[in-house]
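In what follows, every chain begins at residue 1, and chains take the letters A, B, ... in the order their sequences are listed.
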Amino acid sequence: MKYWSQTFIPTLKESPADAEIASHKLLLRAGLVRKLGAGFYTYMPAGLRALRKIMDICREEMDREGATELAMPHVHPVENWQDGPRWAAAREIMYRVDHAGAGKNFYQITTKFRNEIRPRYGLMRAREFIMKDAYSFDATDDAAIESYNKMKRAYTAFFTRCGLKTISVEADTGVMGGSFSHEFMVPAPIGDDDVVYCDASGYAANREKATSGIIPADLKDAAPAGSVEEFPTPGIVTIAALEAAPYHVSADKQFKTLVFMGDGKPFLVIVRGCDDVEEAKLGSLGFQLWRAATPEEIEPVMGAKPGSLGAVKGTIKNPGALAGIFADHAVRLVGNGTTGANKDGFHLRHVNVGRDLAITQFGDFRRVHAGEPCPKCGQPLKIDRAIEVGHVFKLGTKYSEKFGAAYTDDKKQSHLMVMGCYGIGISRTLQAVIEQSNDADGIIWPWNVAPWQVLVVNLDPQDAAATDVAKKLAAAAEAAGADVLVDDRAERPGVKFKDADLVGLPLRLTVGGKGLKEGIIELKWRTSKDVTKVPLPDAEKIVGDAVRAAAKA
RNA sequence: CGGGGUGUAGCUUAGCCUGGUAGAGCGCCUGGUUUGGGACCAGGAGGUCGCGAGUUCGAAUCUCGCCGCCCCGACCA
């Protein structure tokens with residue numbers, strides 16, 4: 001039991017000017033955090049309590065799936081960082097596992113520092129933040145997949161217990177590399193990722209990874225409609241211009257040919273004129289680094305400037321320079337189409353995918369748009385903004401090779417460990433909970449992560465009878481398993497009620513002289529507008545029952 | 001790092017264009033009246049106007065530099 005007057009919950013009537021989104025304003029207004037500088041926040045007593053609850057739930061769910069916690073130093077020898085973006089942690093662990101054997105999953109919950117390019121939205125993107133990270137080491141691929149699935153299960157349980165609605169989506173592995181990964185996303189307009197999903201089939205993927213079912217399974221490539229024919233297009237360098245009069249070639253009948261540089265060598269990507277390349281998908285081509293080519297790089301290879309490019313056999317000036325010509329599957333929908341002639345001011349028509357284009361390899365390179373058919377069930381896909389709160393990667397042996405994480409089997413043979421890597425943004429989760437659960441009056445804490453679960457508002461703290469009842473109610477709630485805060489401040493009722501709504505503890509019990517005269521106290525859930533009058537003799541029992549019911553829900 | 005803003009009391013801000021005594025609301029302190037949804041009256045404390053140069057008789061205000069912070073873009077949990 002904690003008295004408001006003894007802790008420090010500096011609530012604010014107005015929100016500071018630099019807070020923009022609801023959760024950031026509420027973090028500050030409810031006295032949970034205070035800003036020290038851009039991306040640096042002090043956790044005030046109530047904020048720290050909520051944070052600890054989230055960490056504890058995380059530990060319970062990690063431990064339940066067999067992971068084990070350790071703590072590593074914040075300061076690392078610089079050599080550890082020379083081989084990769086963030087591998088000091090894994091490397092430290094791997095030295096031990098060499099000898100300890102496979103089948104382990106280590107995690108830690110620590111403060112991380114990132115030189116965040118643009119801190120914003122409070123704890124959502126901070127330069128100092130709290131993260132749980134875990135690394136699993138297994139002897140076989142099957143065991144690694146099992147570890148991965150355990151972590152997915154732990155994450156799902158963790159976010160559910162935090163009262164957070166997340167969707168797990170297939171994700172690009174990005175700089176971490178690895179075989180496959182899932183992100184746990186919280187839908188939110190401030191998110192910096194796009195999530196593509198289908199309510200009907202449950203399909204969900206990060207836009208960087210998402211595919212759609214726009215190509216019918218029974219699609220037959222169009223028969224050639226005539227031989228390739230060059231025609232003059234003076235000054236025409238855009239898809240849109242070719243769609244207009246006098247050409248009238250709709251974008252979905254055009255081939256868009258783009259030039260990229262992959263590890264210093266140019267390569268081509270062909271998509272439909274109406275499609276965009278999803279650059280993250282080019283990672284599947286095996287290049288370490290890739291980017292769009294510059295006009296200066298393009299012309300010597302292709303023989304024309306951007307706007308007149310194509311990949312028809314025999315038209316590319318220096319095909320030997322290319323690392324490959326990669327076409328998105330969807331170009332098969334074009335059939336006989338139009339593309340650049342690799343000659344400024346000219347295009348080619350009657351271009352047939354199979355017959356005419358010099359394609360090395362087909363692949364999935366296009367960006368998915370809302371409304372396209374779901375790859376699983378064909379229903380229209382939706383796209384929403386979301387923020388990432390967790391990420392699980394199956395890494396394979398990429399890093400165990402690099403850092404020599406191996407085990408010795410019973411035949412004295414050495415094998416590389418199959419690894420996984422799993423992160424949760426703990427402090428971000430805290431704010432995501434608030435972002436997802438608030439109203440015009442303040443925060444609406446889910447039971448399990450509320451700084452305290454029950455607030456006893458004593459409207460007349462100078463009155464001995466009211467104070468006595470308040471203490472008894474608090475004790476009853478505590479005995480039933482709740483964390484209890486008692487508002488014993490000498491404030492006017494209006495102030496206390498406003499603060500109660502703002503701070504948002506799930507269950508409010510109000511004790512005051514007026515109610516006591518009637519022989520009642522009041523019980524109110526933060527999620528509801530209804531106030532229940534509870535007769536004094538039953539109050540302790542009813543409060544206890546309410547607490548137990550809420551904890552179970 | 002590029003573009004756009006902004007910096008005045010603990011918080012929200014007016015004043016800046018057109019140089020001349022730094023003002024309000026909230027919060028805080030004192031006294032009184034109130035007392036179940038951010039009360040009212042009276043009094044009070046609290047400011048290197050981000051920092052440093054410059055122009056000027058005189059700078060919160062104009063000029064230059066630096067710093068902080070916020071917003072829009074590419075990286076990350």
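- Comparing B:G37 with B:G44, their P atoms are spaced 32 Å from each other, to the whole Å.
- Positionally, the nearest nucleotide of RNA chain B for A:Arg489 lies more toward the 5' end than for the other of A:Gly425 and A:Arg489.
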Inset, instruction - Begin from the C-alpha positions of A:Lys281 and A:Asp364 and carry the test salt bridge (Lys or Arg N to Asp or Glu O under 4.0 Å) through to its verdict. - result: CA-CA 7 Å; A:Lys281 290 183 176 178; A:Asp364 173 25; 3.1 Å; yes
Inset, instruction - State the dot-bracket string of RNA chain B. Criteria: Watson-Crick or G-U wobble, both atom distances under 3.5 angstrom; notation: ( ) intrastrand, [ ] crossing earlier pairs, | interstrand, . unpaired. - result: (((((((..((((......[..)))).((((((.....)))))).....(((((..]....))))))))))))....
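- We find that CE of A:Met131 is positioned 6 Å from P of B:A77, with the value rounded to whole Å.
- In this structure, of B:C75, B:G38, B:C11, it is B:C75 that holds the atom nearest to the side chain of A:Arg125.
- Residue contacts shown for A:Asp460 are absent, as no nucleic acid heavy atom lies under 4.0 Å away.
- Applying the 5.5 angstrom centroid cut-off and the 30 degree plane-angle cut-off, the aromatic ring of A:Phe497 is not stacked upon the base of B:G36.
- Taking atom NZ of A:Lys517 as the reference point, atom P of B:U35 lies 11 Å away to the nearest angstrom.
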Expected rows: protein N/O vs nucleotides 47-49 of chain B N/O, under 3.5 Å:
none

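- Between the side chains of A:Tyr107 and A:Asn105, no donor-acceptor pair of N or O atoms lies under 3.5 Å.
- Using atom C1' as the reference point in both B:C29 and B:C17, the two lie 39 Å apart (nearest Å).
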Going by atom type alone, with no hydrogens or angles, which donor-acceptor pairs under 3.5 Å involve a side-chain atom of residues 33-44 of chain A and a protein atom two or more places apart or on another chain?
residue	atom	partner	partner atom	Å
A:Lys35	NZ	A:Asp18	OD2	2.5
A:Tyr41	OH	A:His24	NE2	3.3

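- Between A:His391 and A:Phe393, the ring planes are parallel. Angles under 30° get that label, and only those over 60° would be called perpendicular.
- Protein atom CG of A:Asp193 is 10 Å distant from nucleotide atom P of B:C75, rounded to whole Å.
- With salt bridges taken as basic N to acidic carboxylate O contacts below 4.0 Å, one links A:Arg59 and A:Asp56.
- Side-chain proximity of A:Asp501 to B:C75, B:A77, B:G37: nearest is B:G37.
- Listed by chain and number, the residues in a side-chain contact (heavy atoms from CB on, under 4.5 Å) with A:Glu297 are A:Met261, A:Arg291, A:Ala293, A:Thr294 (sequence neighbours excluded).
- Among the protein residues, A:Ala126 comes within range of the nucleic acid bases, having at least one heavy atom under 4.0 Å from a base atom.
- Rounded to whole Å, the separation between the C1' atoms of B:U12 and B:C1 comes to 32 Å.
- Rounded to whole Å, the separation between the P atoms of B:C28 and B:C64 comes to 43 Å.
- Positionally, the nearest nucleotide of RNA chain B for A:Arg29 lies more toward the 5' end than for the other of A:Arg29 and A:Gly423.
- Across all their heavy atoms, A:His182 and A:Tyr148 have their closest contact at ND1-OH, 2.6 Å.
- Neither OP1 nor OP2 of B:U35 sits under 4.0 Å from any side-chain N or O of A:Arg492.
- The distance from atom CD1 of A:Ile424 to atom C1' of B:C76 is 16 Å, rounded to the nearest whole Å.
- No engagement by A:Arg291 is indicated, since no non-hydrogen atom pair under 4.0 Å with the nucleic acid exists.
- Applying the side chain to side chain donor-acceptor pair (under 3.5 Å) rule to A:Glu208 yields no partners; only residues at least two apart in sequence or on another chain are considered.
- Taking atom C1' on both nucleotides, B:U30 is separated from B:C71 by 43 Å, rounded to a whole Å.
- A:Asp468 is linked by a side chain to side chain donor-acceptor pair (under 3.5 Å) to A:Lys472, counting only residues two or more places apart in sequence or in another chain.
- Evaluation of the side-chain contact (heavy atoms from CB on, under 4.5 Å) rule for A:Thr467 yields A:Asn458 as partners, not counting sequence neighbours.
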Output one line per pair: protein atom, nucleotide atom from nucleotides 67-73 of chain B, and distance, for all N/O pairs under 3.5 Å.
residue	atom	partner	partner atom	Å
B:C69	OP1	A:Ala38	N	3.0
B:C69	O3'	A:Lys35	NZ	3.0
B:C70	OP1	A:Lys35	NZ	3.3
B:C72	OP2	A:Arg118	NH1	3.2
B:C72	OP2	A:Arg118	NH2	2.6
B:C72	OP2	A:Arg120	NH1	3.4

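- Of the listed residues (A:Val433, A:Leu27, A:Asp501, A:Leu32), just one forms a side chain to side chain contact (heavy atoms under 4.5 Å, CB included) with A:Ile443, and that residue is A:Leu32.
- For A:Ser147 and A:Asp138, the side-chain atoms include at least one donor-acceptor pair closer than 3.5 Å.
- Considering A:Thr156, A:Leu164, A:Thr429, A:Ile387 as possible partners of A:Phe184, the one that fulfils the side chain to side chain contact (heavy atoms under 4.5 Å, CB included) test is A:Thr156.
- The line from CE of A:Met124 to CD1 of A:Ile434 is 8.5 Å long, rounded to the nearest 0.5 Å.
- One finds the CD1 atom of A:Ile167 at 7.0 Å from the OH atom of A:Tyr197 (value rounded to the nearest 0.5 Å).
- Rounded to whole Å, the separation between the P atoms of B:G43 and B:A24 comes to 12 Å.
- Across the protein-nucleic acid pair, A:Glu183 atom CD and B:A77 atom C1' stand 10 Å apart, rounded to whole Å.
- Legend: residues meeting salt bridge (Lys or Arg N to Asp or Glu O under 4.0 Å) with A:Glu61, ordered by chain and number and at least two apart, are A:Arg64, A:Arg161.
- In this structure, CG of A:Leu430 is placed 19 Å from P of B:A77, rounded to the nearest angstrom.
- Looking at heavy-atom distances under 4.0 Å, A:Ser427 makes no contact with the nucleic acid at all.
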Polar atom pairs between nucleotides 23-31 of chain B and protein, under 3.5 Å, N or O only, would you list them?
residue	atom	partner	partner atom	Å
B:G25	N2	A:Glu14	OE1	3.1
B:C26	O3'	A:Lys13	NZ	3.2

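- A heavy atom lying under 4.0 Å from RNA chain B marks the following residues of residues 503-511 of chain A, by number: A:Arg508, A:Thr510.
- With C1' as the reference atom, B:G7 and B:U35 are 41 Å apart, rounded to whole Å.
- The separation of B:A74 from B:G15, taken at their C1' atoms, amounts to 39 Å, rounded to a whole angstrom.
- Remark: A:Ala50 pairs with A:Leu430, A:Trp445, A:Pro451 by the side-chain contact (heavy atoms from CB on, under 4.5 Å) rule, at least two apart or across chains.
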Inset, instruction - Starting from the C-alpha separation in whole Å, work towards a yes-or-no answer on side-chain hydrogen bond (donor to acceptor under 3.5 Å, both in side chains) for A:Lys132 and A:Tyr155. - result: CA-CA 11 Å; A:Lys132 187 279 307 178; A:Tyr155 277 36; 2.7 Å; yes
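- At whole-Å resolution of the value, CG in A:Leu28 and P in B:G10 are 17 Å apart.
- The separation between A:Tyr155 atom OH and B:A77 atom P is 11 Å, rounded to whole Å.
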